[in-house]
Amino acid sequence: MYHKIKGHFLTIVLICVGVSAFGQATRSPFTSRGIGDVVDLNLAHNQGTAGLGISNGTYWNLNNVNPALLPYNSLTVFSAGFVGANRTVQNSEISEKYVGGNLNYLVTAFPAIKGIWTTSIGLMPYTNVNYDYTYTDQVTGSDDLVEIRETGTGGYNQFFWSNGVALNQRLFVGFKATYIFSAVEKEFSNTIQNVGNVYTPLISDRVSISDFLFTAGLAYNKDSIFNSRVKFKAGLTYDLGSDLKAKRFQTFDRTIAGNPPIDSDTLINDLGGRISIPHGIGVGFSFNRGIRWMVGMDMKYQKWSDYKNFDGINDAYDDSFKVTLGGEFTPDPSSVTSYFKRITFRLGASYENTPYLIDNQGELNQVRDFGINFGWSLPAGRFSSLDMAFRFGQRGNAEETIIEENYFKVYLGITFNDQWFIKRKYD
């Protein structure tokens, strides 16, 4: 009984800490567009296969991509993860490096009806915004140059409740309700160069969201194909589009030479509005032989051309498409003589047309992202594991999208599996 209470207490403490610990893994100018970078739903073990997760449910790790696969988790599972990134941002003239990290997710699930219905709750970022750049422009009708600075911080968080139900041994359905909350803050200022004691106007803009998104999932499992022990799995996810309730707060300040504001005014005071999030669909296929090996492919499409910001503008977004290939291998899951043989090794790669459109001399180019992932899960105790994954990738191309990012990401996760809520026959 003591261990159960301690486990519940640990979960509550970590969730409370997680609310304040979510942040930006690193700075990126691409996050200035729309709602910022949409965070990958995959947990650390999935990241080892570049995010494969729409069809491949497992018994020991929680699937956070397709809620229909939750019934695979017949034990109570708790998972927490961290992400760190080293990113080099460059164009044809300059190059800058950024390093950062943050808590990535806190998720738990338990079987409501073992083998039939599993429910899950979790907390993680929905989007990240973190940018700070300065550029110069010419004042209209004058030879003076003005220095313009734009910054953005924050992001939207998500708290979700997922449920998966096994209709029979082959067909599974799932549903996920996600509460989106928190705010993005942006600032815009400009200063005329080579002029003493000039006023610097500063506009601060905060847009907060408080509303729900919904996701449905479907999964199919065939125990054997071609008269062999190889299993076939398929999955489908559908993200319902929604007009999320939002509020805007905007202020105007004037400063001189970086001193405290000499004049302040509130331009917009919690004005209500909407932010339109488009629908998306994902399809996945995988083959496996028990828990020894698995290979699969996922495809995800989201109609970001239908996105509308608080002002009802698309903000240079286009439809996104991502394809992922990956697999995992465990030499001997039941080995009692070799720890190495019980380690699960993973490898994967993904290619994505991101939603971002960049205007390069009048031509709109879509930002592409390609990366290679690898990782492993180290057994810990009876059913738990320490999950690690790494990704090398490139987003954008300096010739096409002006800005190019070369990045390296590290994912660390820990997964606890245990039997809770069991009525003892003897005490």
Side-chain angles (χ1 to χ4, degrees), residues 28 30-43 46-47 49-55 63-69 105 124-129 155-158 160 162 174-180 184 209 211-219 234-244 246 274-285 296-310 312-326 348-358 364-371 391 393 395-396 401:
S28 170
F30 289 121
T31 64
S32 63
R33 299 300 180 92
I35 56 176
D37 268 344
V38 178
V39 176
D40 196 337
L41 289 173
N42 287 282
L43 307 188
N46 292 106
Q47 294 292 354
T49 57
L52 204 67
I54 296 178
S55 67
N63 187 301
N64 199 44
V65 180
N66 188 348
L69 295 170
Y105 58 83
M124 66 187 304
Y126 178 63
T127 66
N128 283 330
V129 174
Y156 300 113
N157 294 322
Q158 55 178 317
F160 51 85
S162 302
F175 182 76
K176 178 180 181 181
T178 304
Y179 177 65
I180 307 296
V184 169
I209 290 179
D211 211 341
F212 288 91
L213 286 174
F214 300 97
T215 299
L218 184 67
L236 175 70
T237 61
Y238 182 74
D239 300 321
L240 283 72
S242 179
D243 290 336
L244 302 180
R274 299 276 181 172
I275 293 179
S276 297
I277 304 298
H279 71 273
I281 186 169
V283 179
F285 307 93
M297 179 178 70
D298 283 356
M299 294 175 288
K300 177 72 182 288
Y301 167 84
Q302 191 154 6
K303 195 172 176 57
W304 282 105
S305 57
D306 287 345
Y307 165 80
K308 295 292 187 299
N309 64 15
F310 191 91
I313 301 173
N314 176 266
D315 200 15
Y317 265 21
D318 201 358
D319 299 344
S320 66
F321 177 76
K322 181 178 181 180
V323 59
T324 302
L325 296 171
S350 67
Y351 174 85
E352 180 182 10
N353 284 333
T354 73
Y356 307 122
L357 289 175
I358 303 297
L364 290 176
N365 294 315
Q366 194 163 8
V367 177
R368 296 174 176 85
D369 189 335
F370 174 77
R391 177 177 175 88
R395 181 162 63 167
T401 60

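Model, not experiment: these values are computed from the prediction.
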Worksheet item: side-chain contact (heavy atoms from CB on, under 4.5 Å) between Ile209 and Tyr179: does it pass, once the steps are laid out?
Response: CA-CA 10 Å; Ile209 290 179; Tyr179 177 65; over 6 Å; no

Mind checking whether [X] and [Y] have side chains closer than 4.5 Å, heavy atoms only?
| X | Y | result |
| --- | --- | --- |
| Tyr301 | Asn353 | no |
| Asn314 | Trp304 | no |
| Thr178 | Phe212 | no |
| Asn64 | Asn42 | no |
| Leu41 | Met124 | yes |
| Asn157 | Ile180 | no |
| Thr127 | Asp37 | no |
| Tyr307 | Asp315 | yes |

Is there a donor-acceptor pair under 3.5 Å between the side chain of [X] and the backbone N or O of [Y]?
| X | Y | value |
| --- | --- | --- |
| Asp318 | Ser305 | no |
| Glu352 | Arg368 | no |
| Asn128 | Val38 | no |
| Arg33 | Leu357 | yes |
| Ser162 | Pro67 | no |
| Gln302 | Ile281 | no |

Hey, can you pull the donor-acceptor pairs under 3.5 Å for the side chains in residues 234-244, sequence neighbours left out?
| unit_1 | atom_1 | unit_2 | atom_2 | d |
| --- | --- | --- | --- | --- |
| Asp239 | OD1 | Thr215 | OG1 | 2.9 |
| Asp239 | OD2 | Lys300 | NZ | 3.1 |
| Asp243 | OD1 | Ser276 | OG | 2.6 |

Worksheet item: side-chain contact (heavy atoms from CB on, under 4.5 Å) between Asn309 and Arg274: does it pass, once the steps are laid out?
Response: CA-CA 7 Å; Asn309 64 15; Arg274 299 276 181 172; over 6 Å; no

Which heavy atom of [X] sits nearest a heavy atom of [Y], and at what distance?
| X | Y | result |
| --- | --- | --- |
| Ser350 | Thr324 | CB-OG1, 3.7 Å |
| Ala219 | Ala68 | N-CB, 3.9 Å |
| Gly348 | Ala50 | C-CB, 3.6 Å |

Item to complete: Verify the distance criterion only: is there a donor paired with an acceptor across the side chains of Arg395 and Thr401 at less than 3.5 Å?
Response: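 No.
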
Worksheet item: Excluding sequence neighbours, so at least two apart, what forms side-chain hydrogen bond (donor to acceptor under 3.5 Å, both in side chains) with Tyr317?
Response: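 Scan of Tyr317 (side-chain hydrogen bond (donor to acceptor under 3.5 Å, both in side chains), adjacent residues dropped) gives none.
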
To the closest 0.5 Å, what do you measure between [atom1] ([X]) and [atom2] ([Y])?
| X | Y | atom1 | atom2 | value |
| --- | --- | --- | --- | --- |
| Thr354 | Asp319 | OG1 | CG | 11.5 Å |
| Ser55 | Asn63 | OG | CG | 9.0 Å |
| Gln366 | Leu364 | CD | CG | 10.0 Å |

Discussion item. Can you confirm if the aromatic rings of Phe175 and Phe214 lie within a centre distance of less than 6.0 Å?
Written reply: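 Yes, the ring of Phe214 comes within the 6.0 Å limit of the ring of Phe175, centre to centre.
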
Discussion item. Under 4.0 Å between a side-chain nitrogen and a carboxylate oxygen: does that hold for Asp369 and Arg391?
Written reply: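 Answer for the salt bridge query: yes.
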
Practice prompt. Step by step, work out the side-chain contact (heavy atoms from CB on, under 4.5 Å) result for Ile275 and Ile35.
Written response: CA-CA 9 Å; Ile275 293 179; Ile35 56 176; 4.3 Å; yes

Discussion item. The criterion is side-chain contact (heavy atoms from CB on, under 4.5 Å); which residues satisfy it with Val323, sequence neighbours excluded?
Written reply: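 Here the qualifying residues are Met297, Met299, Phe321, Tyr351.
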
